[in-house]
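First comes the structure, then the notes that go with it.
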Amino acid sequence: TSCSLITLYMGLDCPAEEVGIDTHTLFVNYQDTNERTYELAMKEAYDQTDFVVSNYTDDTAGNHPKGHGVIQIAEVAPGRPWIEIPRAQYQEKKKRTIEVLLDKLERHYPGVRSHITLRELATPRTMNLATRNPDGCVYGFAQTPDQADSSRFGAQSSFKGLYFAGAWCRGGGGGYMGSLINGRVASRHILRREGLLEKDDVEHPLFPAFP
């Protein structure tokens, strides 16, 4: 199976732009290679790993009070160490990890910690509970050359009426984007089967009907 994720959600007492987070998504890289940062992530050396910062501040969306902000940081993580520990140890680990992530964020955006009014960490255990994927894996099968893209099974099974629409099958590269794409592919199979979709429908190049 693939790796999982840790995601720290934060509410701010000001718009994210005021603390320097002025783009929707930014990848912050400390390591020279993806291999090195993945190795460190699997060792849970989160003080040294790359991460992605997302700014979800939007006064029109209704997901936070006006004049405030919402941000998150996310990075890959091993699933099993988060799932195979007792509940009390899990809560302590969450607290320690939040502090490490906040220290790392503060180094890149000085002063951001003083504006955080709410924080919550989603872990591989969260991913496991929400999706029932083993070890909280978010990309389905491990993203190795022999298990990626066209090496995976398609949305249409060999059994009539059975379709797959998750991150485990072909299309989209796993994760939520892969699930969205595969859901669209599965729905088009069904619509075509029921005669509700013309065969010559124009396809978007990123969303083919039959991968």
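Position 1 is the first residue of the sequence, and the numbers go up from there.
- In this structure a side-chain-to-backbone donor-acceptor pair under 3.5 Å is present from S187 to R184.
- Between the side chain of N128 and the backbone N or O of N133, at least one donor-acceptor pair lies under 3.5 Å.
- F141 does not carry R152 over the face of its six-membered ring by the limits of under 6.0 Å from the centre and within 45° of the normal.
- Residue K95 holds its NZ atom at 13.0 Å from CG of L121, rounded to the nearest 0.5 Å.
- For the side-chain hydrogen bond (donor to acceptor under 3.5 Å, both in side chains) condition, no pair includes a residue of residues 65-74, sequence neighbours left out.
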### Query
So Q48 and K43, side chain to side chain contact (heavy atoms under 4.5 Å, CB included) or not? Walk me through it.
CA-CA 11 Å; Q48 305 173 56; K43 293 178 179 178; over 6 Å; no
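- Remark: the backbone N or O of T49 is not paired with any side-chain donor or acceptor of Q31 at under 3.5 angstrom.
- Without hydrogens or angle criteria, K94 side chain to T123 main chain gives no donor-acceptor distance under 3.5 Å.
- Both M177 and V185 sit in one connected hydrophobic cluster of ILVMFWY residues. Membership requires side-chain heavy atoms under 4.5 Å apart, directly or through other members.
- Taken to the nearest 0.5 Å, the CG atom of L105 stands 11.5 Å off from the CZ atom of R119.
- Between E99 and R96, none of the side-chain N atoms (NZ, or NE/NH1/NH2) sits under 4.0 Å from a carboxylate O, so this pair counts as no salt bridge.
- In this structure, T37 contributes its side chain and D50 its backbone to a donor-acceptor pair below 3.5 Å.
- The closest donor-acceptor contact from the side chain of D135 to the backbone of C137 lies at 3.5 Å or more, if one exists at all.
- A donor-acceptor pair under 3.5 Å is formed between the side chain of R125 and the backbone N or O of I85.
- Put simply, I98 and V70 are part of two different groups of oily side chains (I, L, V, M, F, W, Y) that touch within less than 4.5 Å, one to the next.
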